[in-house]
Amino acid sequence: MPKVGMEPIRRQQLIEATITSISRYGFADATISRISKEAGVSTGIIHHYFGSKDDLLEATMRNLLQQLRQDVVGRLAAASSPEQRLAAIIDGNFAANQFDRPVIVAWLAFWAQVPHVPELARLQRVNARRLRSNLLYDLRRLLPPDRAEEAATGLAALIDGLWLRASLEGVEKSDTARSIVRSYLASQLACAPEA
C-alpha cells in the first residue's frame, strides 16, 4: 500500500521520467517499461497512478503547460507597463527550465501528436489561445487593432518557430531566442503611430 502523501511525489517522478524517456527514445519508443525503469518503479505503479500510457502522456503535457503558465504569470506579476508585460511573456516562454533540452524534445513530440490525439490537440489549442490572448492584451494598448493582430501572430510564430528550431538543431540558447523575439517586438513597436 502506498505511503500517505506519496501520490503527488510519485506522479511528478513519473512525469519527469516520461520527459527524459521521450527525450532519449522518442515519443513512440518511450514505453511504459522504459518510463518505469527511468523512474525506478514497476510498470504497475504507472498504471496505478495514471491508468494508461496515454493518460501519463496527457498528464506530462499538462505539467509542461502548467510550468510554462507559472513562468509567464510570475514574470507578469512584476511587470507594470505593456512593454514590460510583453517582455515578461517572451522571457517566460524562454525561461531556463522551459528551454532545457529534454523539455524541448518533449514539447516537439507532443506537437507532433496533436493532429492524432484529440486531448493533446485540445491542450495545445488552449495554450495557443492563451499565448495569443496575453500578447494581444498589451499589443492593443500599443498598436492599432490590425497591427496588434499581425504582431501577435508574428510573435507567436517566432516563439514556436524558435522552439522547433531548438528541438531539431539541439540549440539550447534561450538568450539568443529571447533576443530575436524581443528584436521583432521592438521593430513592430517602432512602427507604431504617434499617439
Side-chain angles (χ1 to χ4, degrees), residues 1-77 88-89 91-131 134 156 159-174 177-178:
M1 181 172 210
K3 293 180 185 176
V4 175
M6 274 302 287
E7 183 172 353
I9 295 166
R10 187 66 77 198
R11 283 179 170 273
Q12 188 59 40
Q13 177 186 17
L14 292 169
I15 286 168
E16 289 169 10
T18 302
I19 292 168
T20 300
S21 296
I22 289 171
S23 179
R24 280 193 187 139
Y25 307 110
F27 192 85
D29 291 331
T31 62
I32 291 290
S33 176
R34 284 182 167 155
I35 294 167
S36 65
K37 184 176 180 180
E38 183 67 37
V41 300
S42 71
T43 57
I45 294 290
I46 292 175
H47 293 293
H48 172 74
Y49 286 114
F50 293 100
S52 69
K53 179 182 174 184
D54 288 342
D55 294 338
L56 174 57
L57 294 171
E58 179 185 333
T60 301
M61 185 170 179
R62 283 181 185 280
N63 182 269
L64 290 171
L65 286 166
Q66 182 62 26
Q67 288 176 13
L68 174 59
R69 185 176 180 275
Q70 288 172 348
D71 283 336
V72 171
V73 168
R75 285 169 171 78
L76 285 172
I89 294 165
D91 292 351
N93 275 275
F94 295 108
N97 65 321
Q98 292 295 323
F99 222 64
D100 181 58
R101 179 87 178 130
V103 172
I104 292 170
V105 172
W107 271 114
L108 179 63
F110 285 121
W111 285 337
Q113 293 303 307
V114 163
H116 312 290
V117 181
E119 187 52 31
L120 296 182
R122 189 189 72 72
L123 291 172
Q124 179 55 30
R125 280 192 307 274
V126 167
N127 183 51
R129 285 184 194 135
R130 181 181 297 136
L131 174 60
N134 284 339
I159 290 168
D160 288 346
L162 288 165
W163 268 84
L164 176 62
R165 183 165 293 239
S167 68
L168 297 176
E169 295 178 0
V171 177
E172 296 175 13
K173 298 175 184 164
S174 61
R178 187 181 304 111

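Both backbone and side-chain heavy atoms feed into the values below; hydrogens, waters and symmetry mates do not.
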Return a table of donor-acceptor pairs under 3.5 angstrom between the side chains of residues 102-117 and protein atoms on other chains or two or more places apart.
residue : atom : partner : partner atom : Å
W111    : NE1  : Q124    : OE1          : 3.1

Distance-only criterion, 3.5 Å: show the donor-acceptor pairs between side-chain atoms of residues 24-35 and protein atoms not counting sequence neighbours.
residue : atom : partner : partner atom : Å
R24     : NH1  : E38     : OE1          : 2.4
T31     : OG1  : R34     : N            : 3.1
R34     : NH1  : D29     : O            : 3.0

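Residues that satisfy the side chain to side chain donor-acceptor pair (under 3.5 Å) test with D55, not counting sequence neighbours, are S52. With sequence neighbours excluded, the residues satisfying side chain to side chain donor-acceptor pair (under 3.5 Å) with R11 are E7. D91 meets the salt bridge (charged side-chain N to carboxylate O under 4.0 Å, His left out) test with R178, R182; sequence neighbours excluded.
To the nearest 0.5 angstrom, N127 atom CG is 8.0 Å from D160 atom CG. Expressed to the nearest 0.5 Å, how far CG of L14 lies from CZ of F50 amounts to 5.5 Å. Note: T43 OG1 to H48 NE2 = 13.5 Å, rounded to the nearest 0.5 Å. How far CG of L64 is from OG1 of T18: 10.0 Å, rounded to the nearest 0.5 Å.
Evaluation of the salt bridge (Lys or Arg N to Asp or Glu O under 4.0 Å) test over residues 103-114, restricted to residues two or more places apart or in two chains, returns none. Counting only residues at least two apart or in different chains, salt bridge (Lys or Arg N to Asp or Glu O under 4.0 Å) contacts with residues 39-54 are absent. Applying the side chain to side chain donor-acceptor pair (under 3.5 Å) definition to pairs two or more places apart or across chains, those involving residues 57-71 are Q12-N63, E58-R62, R62-E119, N63-Q67, D71-N97, D71-Q98.
The backbone N or O of I89 sits less than 3.5 Å from a side-chain atom of N93, completing a donor-acceptor pair.
Between I22 and L57 the shortest side-chain heavy-atom distance falls below 4.5 Å.
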